[in-house]
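Below is one structure, written out as structure tokens, with a few remarks after it.
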Amino acid sequence: MIKITLPDGSVKEFAAGITPMDVAKSISEGLARNVISASFNGTTVETVTPLTTDGSLVLFTWNDEGGKKAFWHSTSHVMAQVLEEMYPGIKLTLGPAIANGFYYDVDFEDHKITDADFKKIEDRVLEISRDKHEFKLRPVSKAEALEVYKDNVYKTELISNLEDGTITFCDHSTFTDLCRGGHIPNTGIIKAMKVMSVAGAYWRGDEKNKQLTRVYGVSFPKQKDLTEYLELLEEAKRRDHRKLGKELELFAFSTKVGQGLPLWLPKGAALRDRLEQFLKRAQKKGGYEQVVTPHIGQKELYVTSGHYAKYGADSFQPINTPAEGEEFLLKPMNCPHHCEIYNVRPWSYKDLPKRYAEFGTVYRYEQSGELHGLTRVRGFTQDDAHIFCTPEQLDEEFKKVIDLVLYVFGSLGFENFTAQISLRDKENREKYIGTDENWEKAENAIINAARDKGLNTVVEYGEAAFYGPKLDFMVKDALGRQWQLGTIQVDYNLPERFDLTYKGSDDQLHRPVMIHRAPFGSMERFIAILLEHTAGNFPLWLMPEQAIILSLSEKYEIYAKKVLDLLENHEIRALIDNRNETIGKKIRDAEMQKTPFMLIVGEEEEKNGTISIRRHGQEGKGNITVTIEEFAAIVTEEINKTLKVFTV
Ligand SMILES: [Zn+2]
Ligand SMILES: [Zn+2]
């Protein structure tokens with residue numbers, strides 16, 4: 001008999017040789033119907049793999065990541081079968097599952113695959129799948145495997161690197177592939193499949209190798225799932241921050257200025273400034289003090305901090321002065337500068353915590369191919385702050401930072417998030433700077449604070465920074481995509497390296513603890529994500545323009561100006577569209593700009609001292625005519641719904 005431990009901790013005994021599918025059946029028929037893959041002791045297995053030792057078993061359905069992986073990888077086998085059928089003589093290489101689907105890298109030799117072939121491939125994949133072919137793994141000897149693939153240099157290379165006795169083939173239908181496993185029971189559950197695109201990909205990702213064709217695909221157990229997925233992709237395209245940034249005139253890039261260096265246009269700069277003021281106000285309440293530091297620092301500063309040893313070679317290289325031979329680095333991080341601010345004078349425990357905040361612009365080299373809109377750039381501004389406190393204050397300070405982060409998310413409409421606690425890799429402790437004791441203290445402080453604040457947490461080993469553990473907020477946007485925003489990190493290391501001290505109540509010098517934190521992360525990335533999350537319909541308090549006054553004709557220009565003045569008195573940001581255009585055209589343009597309120601003024605309005613309101617995206621519905629005071633009250637009420645006052 002063997003003992004099988006299930007994820008809920010329960011242990012069941014079975015005869016050796018039982019399969020994951022049998023275990024599923026022993027739990028319930030319903031579960032067995034839905035199980036499509038499994039992992040045993042952390043390794044993916046087939047649902048029909050006989051289990052012969054004690055161990056932990058996890059059963060995957062389509063709803064699990066493990067299930068999707070098996071589903072997609074299995075579909076890549078069927079797609080490979082179809083590609084071989086359609087393009088005889090091609091050489092197959094590797095076909096793994098990825099985050100959203102799968103790909104197969106193929107050497108098409110003299111064939112060419114085009115968009116026009118996609119439909120035919122999809123139809124044939126589904127046709128084969130309908131016959132419910134089982135995926136069967138079988139061991140083969142190295143010699144046999146090499147013989148089968150003697151005409152395929154890629155598979156030969158893969159097989160050469162495998163040990164004899166560990167090699168398996170996977171058969172389904174008339175097709176066989178070199179594969180180590182991870183399949184669904186049979187092809188019958190593949191009900192929808194789409195070839196997404198083709199792209200060039202070097203064999204093994206090395207540009208010295210031959211360029212292959214990567215065929216991307218995705219598949220689903222229901223046609224409806226595919227339809228929804230494609231709709232989501234369309235919506236993501238509509239919300240792409242690079243597209244919206246252009247349409248809303250927020251930011252731009254210039255090849256003359258340089259790749260990955262965003263230029264903020266007036267509207268974008270105003271938006272960014274509003275976000276900064278919002279956080280500065282909250283931080284002031286939270287006891288932070290603003291500081292300002294330069295964009296460069298002596299190389300020695302980063303040698304002291306350890307950043308140079310860790311990142312120096314992959315960074316922008318030092319800037320040299322002409323006559324004095326000095327070396328400066330573009331600031332990759334604000335922390336070393338803030339340590340030196342702390343070091344300007346001696347501190348007593350009574351002075352702590354010190355909380356230094358700076359919207360600090362930093363520069364990091366990214367390969368040009370990695371750059372992407374505002375989410376991967378070479379220069380960006382962090383909403384950075386460093387808290388220097390006594391070890392006794394750490395727990396409380398950490399909780400205060402969590403409160404601030406939650407306030408920021410709440411004010412900006414991010415409601416769905418988890419807190420990822422990143423700890424050391426248990427195996428490779430030499431990767432990290434600092435003593436074991438300090439690491440443990442810091443790790444416990446984070447775990448306790450997250451628990452006390454009732455955060456929904458996940459723990460990731462090996463994801464910590466080299467200088468300390470951290471807590472990252474993983475936010476789900478309106479399309480269900482996950483982003484990392486906001487980070488809080490404990491650091492016992494920099495205080496050591498910069499010899500930071502304070503005098504304790506015992507009159508002795510002690511080391512403060514440092515917390516790095518940035519609720520937005522960076523202004524660039526945050527605004528990109530906010531753009532995609534809201535599709536440009538920012539919370540009203542943040543909109544570049546809250547209202548636009550549309551005059552029905554030039555006759556009402558003076559009244560429009562008067563309305564604008566009154567709105568300014570109420571601190572409502574508005575513009576006038578005085579162009580000699582039809583009202584229809586003016587409305588369409590305001591809709592494009594996503595301006596929340598269109599205020600139409602004509603003869604009636606002028607006579608009565610009113611405005612007619614039309615809301616963005618609400619074509620004719622709910623249009624009302626109100627006085628300026630009434631409108632101001634509507635705006636205030638809506639702002640107060642999302643923007644609360646930060647309290648400590
Ligand atoms: Zn496989
Ligand atoms: Zn820092």
Side-chain angles (χ1 to χ4, degrees), residues 36-37 44-49 69-81 92-98 102-105 133-138 140 155 158 167-173 175-187 190 217 219 288 291 293 297 301-302 304-307 310-311 331-342 354-362 364 380-388 401 465-472 486-495 497-498 500 512-522:
I36 57 174
S37 178
T44 305
V45 291
E46 312 288 297
T47 55
V48 292
T49 303
K69 249 179 110 174
F71 194 92
W72 286 331
H73 167 68
S74 303
T75 316
S76 88
H77 278 274
V78 186
M79 185 177 79
Q81 176 186 9
L92 298 169
T93 70
L94 289 164
I98 50 175
F102 57 88
Y103 66 75
Y104 214 113
D105 280 351
H133 300 287
E134 284 177 14
F135 289 96
K136 288 181 190 150
L137 222 51
R138 90 181 125 94
V140 287
K155 296 280 189 192
L158 294 173
I167 304 170
T168 48
F169 278 180
C170 176
D171 305 315
H172 83 269
S173 172
F175 182 77
T176 296
D177 205 347
L178 171 72
C179 186
R180 73 165 78 93
H183 305 103
I184 54 178
N186 68 68
T187 59
I190 303 168
S219 58
Y288 289 79
V291 295
T293 65
L301 180 70
Y302 306 105
T304 304
S305 71
H307 291 115
K310 188 93 181 164
Y311 302 116
K331 177 167 72 176
M333 297 214 159
N334 302 300
C335 349
H337 293 248
H338 290 189
C339 286
E340 284 304 286
I341 288 182
Y342 180 89
K354 297 303 293 177
R355 307 179 187 94
Y356 296 136
E358 175 178 19
F359 284 88
T361 304
V362 296
R364 295 180 193 170
F380 55 94
T381 303
Q382 294 179 310
D383 55 321
D384 213 355
H386 295 97
I387 299 167
F388 301 90
V401 177
F466 76 95
Y467 50 81
K470 59 180 179 168
L471 188 153
D472 291 317
T487 174
I488 318 174
Q489 313 192 349
V490 178
D491 188 349
Y492 284 96
N493 176 55
L494 281 188
R497 288 179 160 259
F498 280 89
L500 309 184
V513 187
M514 193 170 168
I515 300 174
H516 311 251
R517 44 106 285 181
F520 293 144
S522 88

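The structure presented is a predicted model; accordingly, all values stated were derived computationally and were not measured. Positions are given from 1 along the sequence. Both counts, for ligands and for their atoms, begin at 1 and track the order of listing.
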Say whether Asp491 and His516, considering side chains only, have a donor N or O and an acceptor N or O under 3.5 Å apart.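 Asp491 vs His516: donor-acceptor pair found between side chains.
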Closest His183 atom to the Zn ion (ligand 1) [N, O or S only]: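 For His183, the N/O/S atom sitting closest to the Zn ion (ligand 1) is NE2.
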Which N, O or S atom name in His77 marks its closest approach to the Zn ion (ligand 1)?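 Distance check against the Zn ion (ligand 1) picks out NE2 in His77.
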Would His73 count as a contact for the Zn ion (ligand 1), in the sense that one of its N, O or S atoms lies under 2.8 Å from it?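 True for His73.
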Exercise: identify the closest heavy-atom pair between Arg517 and Asp383: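 Closest heavy-atom pair between Arg517 and Asp383: NH2-O, 2.9 Å.
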Hey, what's the ring geometry for Phe135 with His172, parallel, tilted or perpendicular (30° and 60° as the breaks)?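 Tilted.
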Name the residue from His337, Lys331, His307 that meets the side chain to side chain contact (heavy atoms under 4.5 Å, CB included) definition with Leu301.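 Checked His337, Lys331, His307 against Leu301; only one passes side chain to side chain contact (heavy atoms under 4.5 Å, CB included): His337.
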Restricting to N/O/S, name the atom of His516 that gets closest to the Zn ion (ligand 2).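 The closest N, O or S atom of His516 to the Zn ion (ligand 2) is ND1.
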